S.K.: 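Sending over a structure as structure tokens; questions will come in a sec.
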Amino acid sequence: MAPVVKSTSRPKWQRLPAKNVYYYRCPDHRRNYVMSFAFCFDREDDVYQFAYCYPYTYSRLQHYLTSLEQRNLDYLKREQLGLSVQQRRLDLLTITNPAHLNPEREKRVVFLTARVHPGESPASFICQGVIDFLVSQHPVAQVLRDHVVFKIVPMLNPDGVYLGNYRCSLMGFDLNRHWQDPSPWAHPTLHAVKQLIVQMNQDPKVSLEFYIDVHAHSTMMNGFMYGNVFEEEERVQRQAVFPRLLCHNAPDFSLSSTSFNRDVVKAGTGRRFLGGLLDDTSYCYTLEVSFYSYLAAGSTTPVPYTEDSYMKLGRNVARTFLDYYKLNNLIDDNKLSSHINSVDSIPPGRQGSNAGNGRNQNGEKSERRFQGVRDY
């Protein structure tokens, strides 16, 4: 784990080098783990800010979604699904060929949510990577839109994000333990999303095939998934298909860290609750990604995540749906161009984000670096 830092003269978030970060059991704190770091404040007039990981704020999401809306894409629909306790927007995106919006037409639905735990900002970068890819003109994205309806709630806990909470909502609830019986007044965003999913599940024209809830993990490396445990071996094998395909597409995804469980403490999570609610043709996962780094195959040196590498994982998640539907003969190979199987052929920064292209959020070049991270 290594914090990130920026200052008024260097507004791009940068990770502190691992050699300057210390993580140890401290005798002054009952031998609990403590993290400390060394940093050189090299400019007297600068204001410095430190963060646990790259921030992704409620305001940033609203600017991003507004910019998407202004593109007037006929295959993108933004709705206000509800309001939080403090009256912030709960946004729902629908990405699909407009023909699928006909209520009489049968449809396959993939449902994604993120930021139920507000401090897990990498989840928002992954979610934006998914969205950027799905609304792009990439051939894979076009084929997916022609066959699948993507429903995405990019920020399930907007009050918690706005207030800077790490895990809970405005009222102190861990929303990811209240899926079984969310309150319309105490957990209004969760209540609205659950109502929509239940409604879709009851519609004979809708096949809700995937539910993926995106999180970040503070101790594990890489991306990985949690799934549910079932009695039927055939269902267990089918559930393992998507993580295996994702492992082929994303070099930072770890199949060995992916696990399937039925822990009692997880009973109120979206993955566990919806896994019991939906039928055996639906797959429910938690997608986790490290706050800090990943190990590439065959390497023993951790590679720190950046904003762009988080979004790249999101793009690879999106394109994995094509592999899944091809494998199940639900998408015809003849409709695909020969080059669409190349892994992440879209250059970073071309999907509507300034991350990773040497510019700050205002589009200005930001080449200056902190003295403490110059050799990073």
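By convention here, the first residue in the shown sequence is residue 1. On a predicted model such as this, the values are computed, not experimentally measured, just so you know.
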S.K.: Centroid-to-centroid, Phe150 to Phe111, below 6.0 Å?
M.R.: no
S.K.: Parallel, tilted or perpendicular: which one describes the rings of Phe37 and Phe50, with boundaries at 30° and 60°?
M.R.: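 Aromatic pair Phe37/Phe50 classed tilted.
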S.K.: Please check if atom CZ in Arg244 has more than 12 non-hydrogen atoms from other residues, nucleotides or ligands closer than 6.0 Å.
M.R.: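 Counting other residues, nucleotides and ligands, CZ of Arg244 stays at 12 neighbours or fewer.
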S.K.: Regarding His215 and Glu288, is there a side-chain donor-to-acceptor distance under 3.5 Å anywhere?
M.R.: no
S.K.: Taking all heavy atoms of Pro304 and all of Arg15, pick out the closest pair and write down the distance.
M.R.: CB-CD, 3.8 Å
S.K.: Between Ser207 and Glu209 (side chain of the first, backbone of the second, donor and acceptor by atom type, cut-off under 3.5 Å), is there such a pair?
M.R.: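 Here the side-chain-to-backbone pair does not exist.
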S.K.: Testing the 3.5 Å rule here: is there a donor-acceptor pair between the side chains of Asn261 and Arg271?
M.R.: yes
S.K.: Can you see whether Tyr52 engages Glu120 through a side-chain donor-acceptor pair at a distance of less than 3.5 angstrom?
M.R.: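 There is no such pair between these side chains.
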S.K.: Check whether Tyr24 reaches the backbone of Asn32 with its side chain - one donor and one acceptor, N or O, closer than 3.5 Å.
M.R.: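 Side chain of Tyr24 to backbone of Asn32: no pair is present.
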S.K.: Centre of Tyr75's six-membered ring, under 6.0 Å away, within 45 degrees of the axis: is that where NZ or CZ of Arg145 sits?
M.R.: yes
S.K.: Say whether, by atom type as modelled, one donor and one acceptor occur between the side chain of Asn222 and the main chain of Leu295 under 3.5 angstrom.
M.R.: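 Yes; at least one donor-acceptor contact below 3.5 Å.
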S.K.: Would you indicate whether Tyr33, at its atom OH, is surrounded by more than 12 heavy atoms from other residues, nucleotides or ligands within a distance under 6.0 Å?
M.R.: no
S.K.: Are any non-hydrogen side-chain atoms of Val303 and Ser293 less than 4.5 angstrom apart?
M.R.: no
S.K.: Distance alone, cut at 3.5 Å: any donor-acceptor contact between the side chains of Ser84 and Gln86?
M.R.: no
S.K.: Please confirm whether the ring centroid of His138 lies under 6.0 Å from the ring centroid of Phe133.
M.R.: yes
S.K.: Is there a donor-acceptor contact under 3.5 Å linking the side chains of Gln128 and Tyr56?
M.R.: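 Note: Gln128 and Tyr56 side chains meet the donor-acceptor criterion.
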S.K.: Can you list the steps and then say if Cys284 with Leu278 is a side-chain contact (heavy atoms from CB on, under 4.5 Å)?
M.R.: CA-CA 9 Å; Cys284 299; Leu278 306 177; 3.9 Å; yes
S.K.: What about the rings of Phe242 and Tyr283, do their centers lie closer together than 6.0 Å?
M.R.: no
S.K.: Taking Asp252 for the side chain and Gly223 for the main chain, is one N or O donor matched with an acceptor at less than 3.5 Å?
M.R.: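 No: the side chain of Asp252 does not pair with the backbone of Gly223.
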S.K.: Do Asp213 and Thr286 have side-chain N/O donor and acceptor atoms under 3.5 Å apart?
M.R.: no
S.K.: Is there a salt bridge (charged side-chain N to carboxylate O under 4.0 Å, His left out) between Glu307 and Arg60 once you walk through the steps?
M.R.: CA-CA 13 Å; Glu307 293 183 16; Arg60 175 171 176 168; 3.7 Å; yes
S.K.: Could you tell me whether the side chains of Asp46 and Ser9 share a donor-acceptor contact shorter than 3.5 Å?
M.R.: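 Yes, side-chain donor-acceptor contact under 3.5 Å.
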S.K.: Would you say the rings of Tyr285 and Tyr211 are close, in the sense that their centroids are separated by under 6.0 Å?
M.R.: no
S.K.: Side chains of His117 and Asp174: do they bring a donor and an acceptor to under 3.5 Å?
M.R.: yes
S.K.: Do you know the tightest heavy-atom contact between Leu175 and Leu190?
M.R.: O-CD2, 3.1 Å
S.K.: So Tyr166 and Ser218, do their side chains get closer than 4.5 Å, heavy atoms only?
M.R.: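 Yes. Closest side-chain heavy atoms under 4.5 Å.
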S.K.: Can you name the nearest heavy-atom pair linking Met1 to Val21, along with the distance?
M.R.: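 Scanning both residues completely, I find the closest heavy atoms to be O-CG1, 3.3 Å.
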S.K.: Evaluate the side-chain proximity of Val109 to Met200: yes if any heavy-atom separation is below 4.5 Å, no if none is.
M.R.: yes
S.K.: So do Tyr294 and Pro302 actually touch side chain to side chain, heavy atoms under 4.5 Å?
M.R.: no
S.K.: Distance alone, cut at 3.5 Å: any donor-acceptor contact between the side chains of Ser256 and Ser254?
M.R.: yes
S.K.: For Pro182 and His191, which heavy atoms make the closest approach, and how far apart are they?
M.R.: O-CD2, 3.4 Å
S.K.: Looking just at side-chain N and O atoms, do Asp279 and Thr281 make a donor-acceptor pair shorter than 3.5 Å?
M.R.: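 Asp279 vs Thr281: donor-acceptor pair found between side chains.
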S.K.: Could you go through Phe230 and Phe260, starting from their C-alpha distance and side-chain angles, then the distance that decides it, and tell me whether this counts as ring pair (Phe, Tyr, Trp, His ring centres under 6.0 Å)?
M.R.: CA-CA 9 Å; Phe230 303 106; Phe260 305 91; 8.7 Å; no
S.K.: With ring pair (Phe, Tyr, Trp, His ring centres under 6.0 Å) as the criterion, how do His147 and Tyr325 come out once you've worked through the C-alpha distance, each side chain's angles and the decisive distance to 0.1 Å?
M.R.: CA-CA 9 Å; His147 290 81; Tyr325 285 115; 8.2 Å; no
S.K.: Measure from the side-chain N and O atoms of Arg238 to the backbone N and O of Asp280, and report whether any donor-acceptor pair falls under 3.5 Å.
M.R.: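 Present.
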S.K.: Donor-acceptor check, side chain of Glu79 to backbone of Leu92, threshold 3.5 angstrom: yes or no?
M.R.: no
S.K.: Regarding Arg115 and Ser124, is there a side-chain donor-to-acceptor distance under 3.5 Å anywhere?
M.R.: yes
S.K.: Do Tyr54 and Tyr305 have ring centres separated by under 6.0 Å?
M.R.: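 No.
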S.K.: Could you check whether Phe291 and His217 have their ring centres less than 6.0 Å apart?
M.R.: no
S.K.: Indicate whether any N or O donor in one side chain lies under 3.5 Å from an N or O acceptor in the other, for Gln237 and Glu233.
M.R.: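 Glu233 and Gln237 do have a side-chain donor-acceptor pair below 3.5 Å.
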S.K.: Look only at the side chain of Ser282 and the backbone of Leu208, and say whether a donor-acceptor pair between them is shorter than 3.5 Å.
M.R.: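 At least one qualifying donor-acceptor pair exists.
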S.K.: For the backbone of Val206 and the side chain of Glu106, can you confirm whether one donor and one acceptor N or O come within less than 3.5 Å of each other?
M.R.: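 No, because the side chain of Glu106 does not come within donor-acceptor range (under 3.5 Å) of the backbone of Val206.
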S.K.: Test side-chain hydrogen bond (donor to acceptor under 3.5 Å, both in side chains) on Tyr64 and Glu69 and set out the steps.
M.R.: CA-CA 9 Å; Tyr64 169 65; Glu69 261 192 315; over 6 Å; no
S.K.: Would a distance-only check, ignoring hydrogens and angles, find a side-chain to backbone donor-acceptor pair under 3.5 Å from Lys151 to Val149?
M.R.: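 No, Lys151 side chain to Val149 backbone: no donor-acceptor pair under 3.5 Å.
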S.K.: Can you check side-chain contact (heavy atoms from CB on, under 4.5 Å) on Thr96 and Val148, steps first, answer last?
M.R.: CA-CA 6 Å; Thr96 192; Val148 184; over 6 Å; no
S.K.: Report the C-alpha separation of Ser309 and Thr306 in whole Å, then their side-chain angles, then the decisive distance to 0.1 Å, and conclude whether the side-chain hydrogen bond (donor to acceptor under 3.5 Å, both in side chains) test is met.
M.R.: CA-CA 5 Å; Ser309 56; Thr306 64; 3.1 Å; yes
S.K.: Given salt bridge (charged side-chain N to carboxylate O under 4.0 Å, His left out), test Arg89 with Asp91 step by step and report yes or no.
M.R.: CA-CA 6 Å; Arg89 287 181 61 102; Asp91 282 291; 2.7 Å; yes
S.K.: Start with the C-alpha distance between Lys6 and Lys12, add both sets of side-chain angles, then the distance that settles side-chain contact (heavy atoms from CB on, under 4.5 Å), and finish with yes or no.
M.R.: CA-CA 6 Å; Lys6 71 174 184 176; Lys12 182 177 174 60; over 6 Å; no
S.K.: Aromatic ring centroids of Phe224 and Phe253 under 6.0 Å?
M.R.: no
S.K.: Just by modelled atom types, is the His100 backbone N or O under 3.5 Å from a matching donor or acceptor in the Asn97 side chain?
M.R.: no
S.K.: How far apart are the C-alpha atoms of Val153 and Leu156, what are their side-chain angles, what is the distance that settles it, and do they pass the side-chain contact (heavy atoms from CB on, under 4.5 Å) test?
M.R.: CA-CA 6 Å; Val153 177; Leu156 195 47; 4.1 Å; yes
S.K.: Does the side chain of Asn316 come under 3.5 Å of the side chain of Asn249 through a donor N or O and an acceptor N or O?
M.R.: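 Judged by distance alone, the side chains do not pair up.
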